[in-house]
Amino acid sequence: MNKDGKLIVFSAPSGSGKTTIVQYLLKHKELNLEFSISATSREKRGIEIDGKDYYFITLKKFNRLIKNEEFVEWEEVYANNYYGTLKTEIERIWKLGKHVIFDIDVIGGLNIKNKFPKQTLAIFVKSPSVEEMERRLRNRGTDSDSKIKERVIKAEKELKYAKDFDVILHNNELDDATKEAYQLVEKFIK
Ligand code: 5GP
């Protein structure tokens, strides 16, 4: 594997604004970032595109890829919903001469950091409170009540891992958080 590229990990409980921050950074072409498309066994949501948002695959195929050791990291993020980063995905992006940016869950983020400690900048995005996070999820309107509850319980567990990240980015004001994220990434890739 090409070892020159960098890995920028954004992890956070859902509803923290991490996806918005990642999308903002991707628009800034001068940062030379490419989004790591994860493989998942979960169902595609409304406007999502296979091969752009995720590689949507069956659970059977996911299990085969695990067995063949094709993942850098993988996890059953929610019951029966598997997510993982394929080794070939990192290779694909490094071959383009770009840095990889990840929008993945907290344990997955730390696994990337552990596998590539020097090349990785691991950023934990923290929303002001779990209540605020729940409010953001409800506003987003993409998840059912039970899914939101599941995500809130997961968030409470994930907050305990914040201290293991290189940086905790406080997302009180999205504008400020995106600008701070930009500066962190710019400095790291220099
Ligand atoms: P969603 O179903 O809302 O797209 O994603 C659910 C969670 O899975 C999010 O926290 C997302 O960041 C995380 N996730 C997405 N891709 C991966 C991956 O490749 N590995 C891990 N560990 N988590 C992922």
Side-chain angles (χ1 to χ4, degrees), residues 7-26 33-59 61-63 65-66 68-93 100-116 120-127 130 133-134 136-162 164-165 168-169 171 177 181:
L7 306 169
I8 316 286
V9 170
F10 279 88
S11 294
S14 29
S16 61
K18 76 173 183 297
T19 303
T20 312
I21 294 172
V22 167
Q23 293 307 324
Y24 170 90
L25 295 175
L26 280 165
L33 303 172
E34 180 89 2
F35 182 64
S36 167
I37 304 165
S38 300
T40 183
S41 69
R42 87 144 155 78
E43 293 288 315
K44 188 146 69 88
R45 289 192 201 120
I47 53 160
E48 288 178 326
I49 297 169
D50 184 34
K52 178 171 173 278
D53 298 292
Y54 283 105
Y55 301 116
F56 292 98
I57 59 175
T58 60
L59 192 51
K61 182 160 184 201
F62 204 103
N63 281 322
L65 293 171
I66 294 175
N68 294 345
E69 297 185 1
E70 306 216 26
F71 286 108
V72 182
E73 62 79 35
W74 65 269
E75 255 189 288
E76 186 178 6
V77 176
Y78 298 107
N80 273 319
N81 286 340
Y82 287 70
Y83 297 79
T85 307
L86 290 160
K87 290 177 183 167
T88 50
E89 183 62 9
I90 295 182
E91 277 163 14
R92 173 182 79 82
I93 295 171
V100 190
I101 185 165
F102 298 86
D103 175 345
I104 65 178
D105 102 316
V106 170
I107 303 292
L110 289 177
N111 284 337
I112 299 275
K113 178 76 193 172
N114 286 337
K115 289 224 167 131
F116 303 95
T120 304
L121 175 66
I123 300 174
F124 187 99
V125 184
K126 202 169 179 180
S127 54
V130 173
M133 189 205 93
E134 191 173 347
R136 287 177 188 176
L137 283 179
R138 291 196 191 282
N139 281 349
R140 187 165 82 180
T142 54
D143 299 288
S144 64
D145 227 45
S146 68
K147 276 267 180 286
I148 290 176
K149 287 210 177 79
E150 192 182 10
R151 280 164 195 262
V152 167
I153 291 167
K154 185 166 182 282
E156 283 165 346
K157 286 189 195 140
E158 287 178 330
L159 283 171
K160 299 199 175 84
Y161 292 99
D164 300 327
F165 280 72
I168 298 177
L169 180 64
N171 182 13

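Counting convention: from 1, in listed order, for ligands and their atoms alike.
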Practice task
For Arg42 and Thr40, run side-chain hydrogen bond (donor to acceptor under 3.5 Å, both in side chains): C-alpha distance rounded to whole Å, both residues' side-chain angles, the deciding distance at 0.1 Å, then the answer.
Solution key: CA-CA 5 Å; Arg42 87 144 155 78; Thr40 183; 5.1 Å; no
Exercise for the section: For the residue pair Ser127 and Asn171, confirm or rule out a side-chain donor-acceptor distance under 3.5 Å. Expected result: no
Completion exercise
Residues at least two apart in sequence or cross-chain that pass side chain to side chain donor-acceptor pair (under 3.5 Å) with Tyr55, listed by chain then number, are Glu89
Handout entry: Charged N-O contact under 4.0 Å between Asp145 and Arg138
Key = yes
Handout entry: Pairwise side-chain contact, Val72 with Phe116, heavy-atom cut-off 4.5 Å (strictly under)
Key = yes
Practice task
Could you tell me whether Lys44 sits above the aromatic face of Tyr54, with NZ or CZ closer than 6.0 angstrom to the six-membered ring centre and within 45 degrees of the axis?
Solution key: no
Exercise for the section: Write down, by chain and number, every protein residue that brings a non-hydrogen atom to less than 4.0 Å from an atom of ligand 1. Expected result: Lys18, Ser38, Arg42, Arg45, Tyr54, Glu73, Glu75, Val77, Tyr78, Tyr83, Gly84, Thr85, Asp103, Ile104, Asp105, Gly108, Arg151
